[in-house]
Trainee: 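What follows is a structure written as structure tokens; I'll ask about it next.
We use all heavy atoms of the structure for the numbers below, so side chains are in, but hydrogens, waters and symmetry mates are not. Below, chain A is the first sequence line, B the second, and so on; all start at residue 1.
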Amino acid sequence: MLRNPELRTKPLGIQQKNIVVTCNYVARERGISKLSYIKDAEKKCPDIVLVNGEDLTHYREMSYKITNFLLKYTPKVERLGFDENFLDVSDMVRTRLNDPSTKEEVKGHIYGQGQKDDADSCTCGCHARLTVGTQIAADIRSALQEELGISCCAGIAWNKLLSKLVAGTHKPNQQTVLFPEHTFELMLSLEAVRAIPGIGHSTAKRLASLGIQTISQLQEVDQSVLTGEFGNSMAQTMKLLSCGSDQSPVVTTGQAQSISDEDSFRKCQDVEDVKNRIGGLLDNLLKRLEEDGRLPGIIRLTLRKLDKEGQWSKRESRQCRVPSHVFALGNNKTIAWYCVLSNNKTIQMKMK
DNA sequence: TGGGGTCCT
DNA sequence: AGGACCC
């Protein structure tokens, strides 16, 4: 929509292969959901505009523009995917609170307000700090809109878990603050344990096998039951998460730990085809590598196979260290196969 | 389901 | 090398 503002008012979906991976809010009002099949989306909304988003270059660039913009406010910026950032603004809050011109006005929504009367029992000053947090968020969001044309949501709380959860409570382009009295309310509004960031597919299944499906069940279960299934460390963090407690600090993301390029290799029959496609992926990688300026220490090839029923199986990977002279020679295609051949391993690719 | 990423075991 | 998690 940034590159083509006319799309702003139309139902827009971003397409990768057969799937609408994400869409704008106009499309969502028409019943389109993320990760739906193109066919279903077109049935619900025949006039949906589809833009191919298989090449992530533009999104990646914008993503880093935004992160770099946020880094002007504080060095404590942690990226999560291409479109989320955590900011630890504790230091900014402190300096603003020392400024006599700072007011007590809350910007944006207050979570849970109106459902209970707010007896402000806090004596630690957290209400004042969170209030300043809402002002910082509002400032940053409007600067983002002005300078980069980006709208976004924000959640203001005292840890990453809660800020993320509360950010989702008022949805397009709004911000919400969580005051401590409403923490339990927010956690219990989630219902399923799966809704806790950090509890994924597999953990949710294992919890279900213990008879635990809701957050309140997780809050109330005996610690030893969890420890038996997950071990001490995971059991403890899950217990804490269920109560809205998150000890993890905001960790500055910095430069990428890895760069990768993928393709699903649909309709790829012969060896020649495979070589060409991998060669293409490699060309893109080398281009990005050059922009990055660093040299890789390891190269890895990952693949997924289709079995006879056409189902995806697990990923398999082979990796090896790359001596820098390989890059000094600059021979593209040599590098492509370097890791495979250097281990003298053959990877069978069976594509449908 | 897709094309990315992170960290832990 | 694989598994879990995130978007």
Trainee: Using whole Å, what does the distance between atom C1' of nucleotide B/dG2 and atom CG of A/Leu303 come to?
Mentor: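 Rounded to whole Å, this separation is 16 Å.
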
Trainee: Counting only side-chain N and O atoms of A/Arg194, is one of them less than 4.0 Å from OP1 or OP2 of C/dC6?
Mentor: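 Looking at the OP1 and OP2 atoms of C/dC6, one of them is under 4.0 Å from a side-chain N or O of A/Arg194.
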
Trainee: Hey, is the side chain of A/Ser202 poking within less than 4.0 Å of OP1 or OP2 on C/dA4, counting only N and O atoms?
Mentor: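 Indeed, a polar side-chain atom of A/Ser202 lies that close.
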
Trainee: Grab the CD-P distance between A/Glu84 and B/dG5 for me, whole Å please.
Mentor: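 Value for this atom pair: 16 Å.
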
Trainee: Verify, without hydrogens or angle tests, whether A/Arg206 (side chain) and A/Glu229 (backbone) share a donor-acceptor contact under 3.5 angstrom.
Mentor: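 Side chain of A/Arg206 to backbone of A/Glu229: a pair is present.
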
Trainee: Using a 4.5 Å cut-off on heavy atoms from C-beta on, say whether the side chain of A/Ile66 contacts that of A/Glu84.
Mentor: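 Answer no - side chains too far apart.
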
Trainee: OP1, OP2 of C/dC5 versus side-chain N and O of A/Thr203: anything below 4.0 Å?
Mentor: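 Checking A/Thr203 against C/dC5: at least one side-chain N or O falls below 4.0 Å of OP1 or OP2.
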
Trainee: Please state whether the phosphate of B/dT6, meaning OP1 or OP2, lies under 4.0 angstrom from any side-chain nitrogen or oxygen of A/Thr253.
Mentor: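 Checking B/dT6 against A/Thr253, no side-chain N or O comes under 4.0 Å of OP1 or OP2.
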
Trainee: Nearest to the side chain of A/Lys17, which nucleotide is it out of B/dT6, B/dG4, B/dG2?
Mentor: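 Output: B/dG2.
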
Trainee: Can you see if the side chain of A/Ser260 gets near the phosphate of B/dG5 - specifically, an N or O under 4.0 Å from OP1 or OP2?
Mentor: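 For B/dG5, OP1/OP2 do have a side-chain N/O of A/Ser260 under 4.0 Å.
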
Trainee: Check every atom of C/dG2, C/dA1, B/dT6 against the side chain of A/Ala256 and return the nucleotide holding the closest atom.
Mentor: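 Nearest to the side chain of A/Ala256 among the choices is B/dT6.
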
Trainee: In the structure I gave you, are the side-chain heavy atoms of A/Gln236 and A/Thr227 within less than 4.5 Å of one another anywhere?
Mentor: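 In short, these two side chains do not touch, never coming nearer than 4.5 Å.
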
Trainee: Do we see a donor-acceptor contact under 3.5 Å between the side chains of A/Ser90 and A/Arg129?
Mentor: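 No, because no side-chain N or O of A/Ser90 sits under 3.5 Å from a partner of the opposite role on A/Arg129.
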
Trainee: May I ask you to say what A/Arg206 touches in the nucleic acid, namely base, sugar-phosphate or nothing, with a heavy-atom cut-off under 4.0 Å?
Mentor: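 If one applies the 4.0 Å heavy-atom cut-off, A/Arg206 turns out to touch nothing in the nucleic acid.
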
Trainee: A/Glu61 and A/His58: side-chain donor and acceptor closer than 3.5 Å?
Mentor: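 Short answer, no.
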
Trainee: Which listed nucleotide (B/dG5, C/dA1, B/dG3) is nearest to the side chain of A/Glu262?
Mentor: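 The nucleotide sitting nearest to the side chain is B/dG3.
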
Trainee: If you look at every strand shown and take non-hydrogen atoms under 4.0 Å, does A/Lys164 touch a base, only sugar-phosphate, or nothing?
Mentor: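 Sugar-phosphate only.
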
Trainee: Nearest-Å distance, CG (A/Leu80) to P (B/dG4)?
Mentor: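 Result: 17 Å.
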
Trainee: Compare all side-chain heavy atoms of A/Glu42 with those of A/Leu50 and state whether any distance is below 4.5 angstrom.
Mentor: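 Yes, close enough: below the 4.5 Å cut-off.
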
Trainee: Give the rounded distance in Å between these two atoms: NZ of A/Lys314 and C1' of C/dG2.
Mentor: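 Result: 9 Å.
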
Trainee: A/Ser242 and side-chain contact (heavy atoms from CB on, under 4.5 Å): which partner among A/Leu188, A/Leu218, A/Thr237, A/Thr214?
Mentor: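 For A/Ser242, the side-chain contact (heavy atoms from CB on, under 4.5 Å) test succeeds with only one of A/Leu188, A/Leu218, A/Thr237, A/Thr214, which is A/Leu218.
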
Trainee: Go through the side-chain N and O atoms of A/Arg96 and A/Gln135 and say whether any donor and acceptor fall under 3.5 Å apart.
Mentor: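 On atom types as modelled, these side chains do not qualify, holding no pair under 3.5 Å.
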
Trainee: Determine: side-chain N/O of A/Arg79 to OP1/OP2 of B/dG4, distance under 4.0 Å, yes or no.
Mentor: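 A/Arg79 to B/dG4 OP1/OP2: no side-chain N or O under 4.0 Å.
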
Trainee: Is it true that A/Ser245 and A/Gln247 share a donor-acceptor pair across their side chains at a distance under 3.5 Å?
Mentor: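 Indeed, the side chains of A/Gln247 and A/Ser245 share at least one donor-acceptor pair under 3.5 Å.
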
Trainee: Got a sec? Which of residues 28-47 of chain A come in under 4.0 Å of DNA chain B, heavy atoms?
Mentor: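 Hits under 4.0 Å, by residue number: A/Leu35, A/Tyr37.
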
Trainee: Tell me whether the side-chain N/O atoms of A/Ser264 come closer than 4.0 Å to OP1 or OP2 in B/dG3.
Mentor: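 Result: yes.
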
Trainee: Any residue in residues 54-78 of chain A with a heavy atom nearer than 4.0 angstrom to DNA chain B? Just list them by number, or reply none.
Mentor: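 Within this stretch, A/Glu54, A/Leu56, A/Arg60 sit under 4.0 Å of the strand.
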
Trainee: Atom CZ of A/Phe86 and atom C1' of B/dC7: how far apart are they, to the nearest Å?
Mentor: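 About 15 Å, once rounded to whole Å.
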
Trainee: Quickly work out the A/Met238 CE to C/dA4 C1' distance and round it to whole Å.
Mentor: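 Distance, rounded to whole Å: 13 Å.
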
Trainee: Using whole Å, what does the distance between atom P of nucleotide C/dG2 and atom CD1 of A/Ile298 come to?
Mentor: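 Taking atom P of C/dG2 as the reference, CD1 of A/Ile298 is at 15 Å.
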
Trainee: Let me know the distance between CG of A/Asn85 and C1' of B/dG5, rounded to the nearest Å.
Mentor: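 Atom CG in A/Asn85 sits about 13 Å away from atom C1' in B/dG5.
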
Trainee: May I ask you to test the A/Leu178-A/Leu130 pair for a side-chain heavy-atom distance under 4.5 Å?
Mentor: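 No - every pair of side-chain heavy atoms lies 4.5 Å or more apart.
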
